[in-house]
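All remarks here apply to the structure that follows.
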Number of protein chains: 2
Amino acid sequence: MSVGIRHDDLRRRNRAMVIAAVRQAGRPSRTEIAATTGLSHSTISAISSDLIGEGILAEGKPSEAGALKRGRPQVGLGLTPEAAAVMTVVLSLNFLSVAVIDYAGQVISEEQRRLDTLTMSREALIGECVAIVRRRLEDPDIDVRSVARIALAIQGITDTEARAMLWSPITPQTDIAFADILEAEFGIPTTMENDCNMMAVALRRRDPERYRDDFIAILLSHGIGMGLVLKGELFTGTHSSGGEFGHMIHRPGGALCRCGRRGCVEAYAGNYAIWRNARQLGEDTEPVADVSDAQMRALAATARERDGPEREAYRKAGEALGYGLGSLFALIDPAPVAMVGVSAAAFDLIEPALREAIAQTAGGQHSESISFDTEPNELPLIREGCAMRALTFVDQEIFAPGVPTKSSAGKNVA
Amino acid sequence: MSVGIRHDDLRRRNRAMVIAAVRQAGRPSRTEIAATTGLSHSTISAISSDLIGEGILAEGKPSEAGALKRGRPQVGLGLTPEAAAVMTVVLSLNFLSVAVIDYAGQVISEEQRRLDTLTMSREALIGECVAIVRRRLEDPDIDVRSVARIALAIQGITDTEARAMLWSPITPQTDIAFADILEAEFGIPTTMENDCNMMAVALRRRDPERYRDDFIAILLSHGIGMGLVLKGELFTGTHSSGGEFGHMIHRPGGALCRCGRRGCVEAYAGNYAIWRNARQLGEDTEPVADVSDAQMRALAATARERDGPEREAYRKAGEALGYGLGSLFALIDPAPVAMVGVSAAAFDLIEPALREAIAQTAGGQHSESISFDTEPNELPLIREGCAMRALTFVDQEIFAPGVPTKSSAGKNVA
DNA sequence: AGTGTTTTTTCGGGGCTCGAAAAAATAGGG
DNA sequence: CCCTATTTTTTCGAGCCCCGAAAAAACACT
């Protein structure tokens with residue numbers, strides 16, 4: 001039973017709404033905010049006056065500068081960069097990247113490091129993360145007290161509570177509660193996010209026209225990951241980050257997957273699988289640990305050049321992705337797809353077989369509404385999504401506190 | 001951008017909350033309602049006083065009669081049966097079933113009819129539905145004006161707006177806007193629902209302990225259908241009723257499915273597929289139109305008796321369902337499953353292969369939390385779910401009007 | 001009949017949003 | 001240069017809503 005709405009929640013919810021409207025629109029006028037939120041001008045006036053008084057918003061020129069209309073000119077409201085800061089930590093294969101971002105979304109400090117994540121001990125991995133965060137916090141440009149939230153993204157499976165990494169392909173270690181560790185170390189609220197989910201968050205922000213309420217972001221990298229937005233909300237599994245598209249079964253008992261099982265989509269479409277097929281190594285061959293981006297690009301170039309095992313490998317990848325998407329579309333209906341990652345640059349090699357496969361499935365019947373977009377570089381997307389995620393937390397939980405979030409369940413006080 | 005909360009919405013939302021609490025609890029006292037909704041006693045007192053004045057609620061003895069506690073005894077609040085009525089129409093293979101249900105959920109009039117849905121013309125099918133509804137509305141026991149809502153459930157695909165049947169296995173006809181037709185004919189708001197979704201709604205009501213926030217109802221019948229509840233809400237596709245579990249691809253290019261494609265789960269686990277395999281007819285054999293429940297039960301009996309093609313047919317069904325569920329669980333994480341329909345009575349034959357298959361998938365890693373329940377008779381479930389769905393509409397849209405529902409999107413008034 | 005206990009109602013207070021009207025700020029026109 | 005039309009923003013009073021505390025109600029127990 002969902003919980004009733006208390007009277008005090010009203011203002012908090014509407015405050016959050018106003019902040020969200022400003023973050024989305026950039027520098028909207030009060031009138032624009034009233035229009036998008038559906039609240040009255042008087043309410044917007046009152047709330048924005050509060051927010052300005054608290055230093056969260058500041059007045060400035062409106063975004064659409066040119067519009068010289070008659071009448072009193074609009075006053076733009078923007079987020080105050082100094083109101084807060086957040087930190088993003090992106091941990092990917094052999095690479096650790098950290099940034100501090102001001103409340104308006106601008107990067108104010110960053111650092112990147114190469115690591116050998118596959119061989120590092122648990123302690124070393126945690127230690128590197130803690131150390132890099134500490135170094136950024138000690139940056140003289142940063143006011144430590146203003147850093148209100150850390151969002152840490154990792155390839156792999158995270159828990160629903162956004163506290164821990166359960167499993168990741170970038171390290172043999174499992175069950176590391178990064179969020180708890182960083183929180184204990186620095187006293188800053190921290191969440192643990194799945195990289196593909198962050199890609200989806202960033203895509204929506206980048207192109208809200210195309211990626212609005214329902215869309216799919218697929219990471220074509222060493223493994224296959226997915227971020228799914230349904231009905232305007234990030235879709236996660238009920239226990240974990242879910243959306244393990246790469247481990248849907250394409251062929252029962254088929255090719256050996258990195259996860260140890262057989263026939264997963266990833267075992268045909270992951271970089272290691274394309275590599276394995278291109279080398280004609282046989283489907284039982286143990287997946288290689290890593291294939292460099294350069295190697296993959298060379299593979300794609302060869303596949304474009306001549307009709308050999310390389311081209312066939314991409315065809316098989318397309319087929320697996322197509323059948324997988326077809327099954328997915330049978331469940332959720334077709335939606336726009338973004339292909340992200342190094343193999344997205346080879347999407348021309350993948351697409352024909354993919355479309356052919358999808359046409360064989362129930363999802364293919366609405367194939368007109370399936371469109372693909374590609375983005376070869378996943379890291380900037382993940383960083384951007386992470387920043388948005390952390391900033392949204394600040395918007396909601398610090399500057400409009402007390403609003404019941406998804407996680408707080410209604411309890412029966414017996 | 002989600003829309004702000006207007007001041008007037010508050011009361012409406014909380015009214016809806018109180019009605020929902022009463023419907024769920026049966027005859028709760030005001031104190032119990034206050035506890036479940038989290039609202040104060042004074043608010044509950046005011047709202048329930050309104051609702052009693054409007055004839056929606058009525059006082060009576062509390063549900064837990066025995067509890068002779070000290071102090072002022074609780075006064076139970078119950079839904080007034082006469083406050084409204086709803087109608088359920090369930091259209092399934094060769095069968096049409098209608099019931100009128102009072103506001104408290106009791107059946108007050110019903111009628112069932114055998115039809116030959118597979119051969120009927122579009123006009124005849126619509127005509128039968130309209131006629132049976134008209135007859136029930138003319139029942140002298142029924143006050144036509146009190147019938148506030150009709151919910152019509154059908155096997156097959158419906159659109160997200162709950163207006164039309166897009167496709168159904170029970171008739172060659174497609175795209176029948178039943179909701180619009182009945183609404184135009186009788187002037188009563190009508191919705192079109194998917195049968196498996198209604199099963200899920202009913203399961204949650206029947207056993208809220210087991211079927212709470214995340215669960216799956218699978219219909220094992222001539223075809224394979226699914227109703228999915230995630231995070232406490234019925235999950236539907238973005239365009240259609242979605243959840244076409246039966247048409248996820250089990251084996252690319254595999255057995256011929258009733259939908260014309262190949263390798264769907266249904267092509268191994270639907271009644272016609274089990275029948276086809278038991279008769280060793282080959283996977284390319286055109287699916288038969290119908291297999292009677294008696295024939296299926298005989299098949300299951302034979303399979304239990306001896307290790308022959310019948311047993312192998314059930315094994316294959318289990319394997320397909322297991323791999324399908326495995327892929328589904330990879331996306332949404334494991335959840336309790338209810339197997340409904342005639343083949344659920346043969347679940348003992350299906351389960352071993354199903355569990356073996358699921359253990360081969362990514363979803364199998366949390367296999368301890370996967371549990372199956374069976375219910376051989378789907379019709380009562382569908383009817384019950386339909387009634388709940390219609391009553392909930394009355395609760396929300398008639399007795400607490402103006403609450404923004406999921407369907408009403410926030411519009412930018414530019 | 002009195003006392004204790006629990007439920008329900010009443011009442012006043014504080015907040016919130018809204019609509020209307022006023023104030024503010026500017027462009028255009030004479 | 002001043003006045004008017006226009007648009008944005010603020011102000012103000014009214015109406016609701018919810019809450020907490022206290023009072024009232026309704027019973028069991030002694």
Side-chain angles (χ1 to χ4, degrees), chain A residues 3-18 22 27-53 57 59-77 400 402-404 413-414, chain B residues 3-18 22 27-53 57 59-77 400 402-404 413-414:
Chain A
V3 84
I5 301 178
R6 327 252 319 210
H7 197 222
D8 2 348
D9 292 343
L10 249 183
R11 192 50 171 277
R12 291 171 176 156
R13 283 178 190 250
N14 288 340
R15 267 174 74 102
M17 201 79 60
V18 169
V22 174
R27 297 194 75 80
S29 69
R30 291 169 176 80
T31 309
E32 286 176 68
I33 299 173
T36 54
T37 59
L39 297 169
S40 73
H41 287 186
S42 15
T43 304
I44 299 302
S45 190
I47 293 178
S48 50
S49 163
D50 284 357
L51 293 174
I52 291 171
L57 297 186
E59 295 193 338
K61 290 290 100 187
S63 59
E64 306 217 355
L68 279 182
K69 288 180 299 186
R70 285 176 75 104
R72 179 173 175 172
Q74 301 190 346
V75 180
L77 291 176
V403 175
V413 185
Chain B
V3 85
I5 302 178
R6 323 261 314 222
H7 199 220
D8 0 352
D9 292 342
L10 249 182
R11 194 48 171 278
R12 290 171 178 155
R13 283 177 190 250
N14 288 339
R15 267 174 75 103
M17 201 78 63
V18 169
V22 174
R27 297 192 76 79
S29 70
R30 291 170 176 79
T31 309
E32 287 178 67
I33 299 174
T36 55
T37 59
L39 296 169
S40 73
H41 287 187
S42 17
T43 304
I44 300 302
S45 189
I47 293 178
S48 52
S49 163
D50 285 356
L51 292 174
I52 291 171
L57 297 186
E59 295 193 338
K61 289 290 102 188
S63 57
E64 306 216 356
L68 277 181
K69 287 180 299 187
R70 288 175 74 101
R72 179 173 175 171
Q74 301 190 346
V75 181
L77 291 175
V403 175
V413 184

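The structure presented is a predicted model; accordingly, all values stated were derived computationally and were not measured. Convention: sequence-line order gives letters A, B, ...; per-chain numbering from 1.
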Rounded distance (Å) that lies between atom C1' of C/dG15 and atom CZ of A/Arg13: 16 Å
When you check the phosphate oxygens OP1 and OP2 of C/dA24, does a side-chain N or O of A/Arg72 lie under 4.0 Å from one of them? no
When you match A/Glu59 and B/Pro73 each to their closest nucleotide on DNA chain D, which lands nearer the 5' end? A/Glu59
Answer yes or no: does a side-chain N or O of B/Thr43 lie under 4.0 Å from OP1 or OP2 of D/dC19? yes
Does the side chain of A/Ile5 reach to within under 4.5 Å of the side chain of A/Leu10, using non-hydrogen atoms? no
By the 4.0 Å heavy-atom rule, please label B/Asp8 as base, sugar-phosphate, or nothing. nothing
Rounded to the nearest Å, what distance is computed from the CD1 atom of residue A/Ile47 to the C1' atom of nucleotide C/dC18? 13 Å
Taking for each residue the nucleotide of DNA chain D with the nearest heavy atom, is it A/Ile5 or A/Ser49 whose nucleotide lies nearer the 5' end? A/Ser49
Closest nucleotide among D/dC29, D/dA5, C/dG19 to the B/Arg70 side chain: D/dC29
Taking only residues two or more places apart in sequence or in another chain, which ones pass salt bridge (Lys or Arg N to Asp or Glu O under 4.0 Å) with A/Arg30? A/Glu59
B/Leu39 has a side chain; which of C/dT17, D/dC19, D/dT9 sits nearest to it? D/dC19
Find the distance A/Leu10:CG to D/dC18:C1' and express it as a whole number of Å. 10 Å
Would you indicate which nucleotide in D/dT9, D/dC19, D/dT6 comes nearest to any side-chain atom of A/Arg6? D/dC19
Picking from C/dT17, C/dT5, D/dT9, which would you name as closest to the side chain of A/Arg30? D/dT9
Check the phosphate of D/dC18 against B/Asn14, side-chain N and O only, distance under 4.0 Å to OP1 or OP2. Yes or no? yes
Counting side-chain heavy atoms from C-beta on, which of D/dT11, C/dT17, C/dT9 comes nearest to A/Ser45? D/dT11
Backbone N/O of B/Ile33 and side chain of B/Thr37: donor-acceptor pair under 3.5 Å: yes
Phosphate oxygens OP1/OP2 of C/dT17: is one of them under 4.0 Å from a side-chain N or O of A/Arg11? yes
With a non-hydrogen cut-off below 4.0 angstrom, is B/Ser42 in contact with a base, only sugar-phosphate, or nothing? base
